[in-house]
Amino acid sequence: MSDDATAPGEGARGRLVELEVGAVAHGGHCVARLEGRVVFVRHTLPGERVVARLTEAADGAGFWRADAVEVLEASPDRVAPACPVAGPGGCGGCDWQHVDLAAQRRLKADVLREQMHRLAGLDVDARVEEVPVPAAAGTTPEDAARGLGWRTRVAYAVDAGGRLGFRAHREHRVVPVERCPIATPGVVDLGLPAVRWPGWRSVEAVVPGTGDDALVVAEPRPGARRPPRVPDVPAATSVATTSPRGPRQPPGPVSRVRGRTWVREEVRGSGFRVTGAGFWQVHPGAGEALTAAVLEALAPRPGEAALDLYSGAGLLTRALATAVGERGRVTAVEGDARAVADARRNLHDVAGLTLVHGPVERVLEERAGLEADGEPRADVVVLDPPRTGARARVVAAVAALRPRAVAYVACDPAALARDVATFADHGYVLRGLRAFDLFPQTHHLESVALLEPR
Ligand SMILES: C[S@@+](CC[C@H](N)C(=O)[O-])C[C@H]1O[C@@H](n2cnc3c(N)ncnc32)[C@H](O)[C@@H]1O
């Protein structure tokens, strides 16, 4: 086929090739083979025959990447995307808009199984469960059934002309959007993309799952001497700004422009204040689903000592505290100072709580806040790390406490599988695994693993 788009030094980039598409792989793509090389292909499905454009194809690379641009033989699981910018070269946010929702969940379960097999040497029976969108989010039943209208937090990038959009896959280019179909009606109704945001780098819409008033958090472009003007947003919406940050840095301090710098979330009748840009799950049913899964896995008993690692604003800390009761004790460890301050307010009524601010890896090694009668003690542990996982040092320190059960909440199945393998080296085995579709239309999934001593 034609290779006229290839520029010198770019290998075969731009070339159109015909591919027989094989299994799904972690990351929102499928595997194909071309001239003895693996090609990761987006916008396709297992079993399809497609024409694909090579998007990364350096001569010496171990694998190439491609976008399917024409479907020659379609999978029965293929559907029309709900989003006009979901295709090749478009928004990099959703990977599976072209896939039937039930089939998306099967693909995610395949990925979880494959990662557990390859990285942890375990054959697991994985299924990805649907998580209902609570009525308070205002999503229509039709949208909910299609995996749309669920996202309560949407971070837009801003292009050079001040238009809001999302980054293209593996590119800095911003694809402007008018309306994101996976966002809740509350986010869409803010109408943020309808106006220009010159001078800003990112704009985040936060509309709590409770349907409470929204917060907009805007980050200026680096180098601005003072924050640019905030365009008009609906009257009841709070507005805050945050300072520019690097790609892997935590969000900077939040400054109030109008209203509050935080939103109020609610799970199981408990309120949680979450300061702008601080961590909270983006699916409004996530709090309930993960709380239930963690409690089911650990079955904490009254009087036990519980340890909540990467505790954020205190969602799972609250559940553990309720379960172990007044005779029990809970230690929560969190690295983001604002999340710790939120947790302190959210859990002010909890007796026997120790909140520790610091990196989990260091706190565990220093055993700060873990002592009971002179001995470090944790009967049950929750681990809910960021995408990179807990990693060997933290896993070793958790295992050294000899808890009777560990619930590991994971947003990346590869990191989970690697950490499960490390736990096995320390005598802890996988006794349970559930997975939840907290991110419909994307390749992401959330898992809750139960680990117990062998
Ligand atoms: C996936 S969130 C979980 C939050 C909380 N468990 C919840 O359910 O809302 C991960 C949390 O870990 C925190 N974090 C990231 N790296 C950390 C580290 N090395 N030490 C302590 N906390 C960290 C983040 O600030 C974030 O609050």
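Start at 1 with the first residue, then count along the sequence. None of these values were measured; they are calculated from a predicted model. All ligand and atom numbering here is 1-based and tracks the order in the structure.
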Between E334, R338, Q281, which one has a non-hydrogen atom sitting closest to atom 25 (O) of ligand 1? E334
Please check whether [X] reaches ligand 1 - meaning an N/O of the residue sits under 3.5 Å from an N/O of the ligand, judged on distance alone.
X    : result
W280 : no
Y310 : yes
V360 : yes
E361 : yes
L316 : no

Check the side chains of D308 and T317 for a donor-acceptor pair under 3.5 angstrom, ignoring hydrogens and angles. yes
Closest non-hydrogen atom pair between E265 and P208, with its separation: OE2-CA, 3.3 Å
Which atoms form the tightest heavy-atom contact between V133 and W150, and what is the distance? CG2-CB, 3.9 Å
When you measure from the heavy atoms of [X] to every atom of ligand 1, does any distance fall below 4.0 Å?
X    : answer
L315 : yes
P386 : yes
G358 : yes

Mutual orientation of the aromatic rings belonging to Y156 and F166 [parallel < 30°, tilted 30-60°, perpendicular > 60°]: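 Taking F166 first and then Y156, their aromatic rings lie parallel (interplane angle under 30°).
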Might you work through the side chain to side chain contact (heavy atoms under 4.5 Å, CB included) test for W280 and R153, ending with a clear yes or no? CA-CA 9 Å; W280 191 260; R153 286 161 157 72; 3.5 Å; yes
Heavy-atom contacts under 4.0 Å between F279 and ligand 1: side chain, backbone, both, or neither? side chain
Side chain, backbone, both or neither: which part of S311 comes within less than 4.0 Å of ligand 1 when only heavy atoms are counted?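 Backbone only; the side chain of S311 stays clear of ligand 1.
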With atoms numbered from 1 as shown, which atoms in ligand 1 lie under 4.0 angstrom from a non-hydrogen atom of [X]?
X    : answer
P385 : 1 (C)
D336 : 25 (O)
G335 : 21 (C), 22 (N), 23 (C)

Would R362 and E366 pass as an ion pair if we require N to O under 4.0 Å? yes
Determine whether L164 and W197 make a side-chain contact, defined as any pair of heavy atoms from C-beta on separated by less than 4.5 Å.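 With C-beta onward as the side chain, the pair touches.
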Stepwise side-chain hydrogen bond (donor to acceptor under 3.5 Å, both in side chains) check, H26 with D412: CA-CA 9 Å; H26 184 29; D412 180 32; 2.6 Å; yes
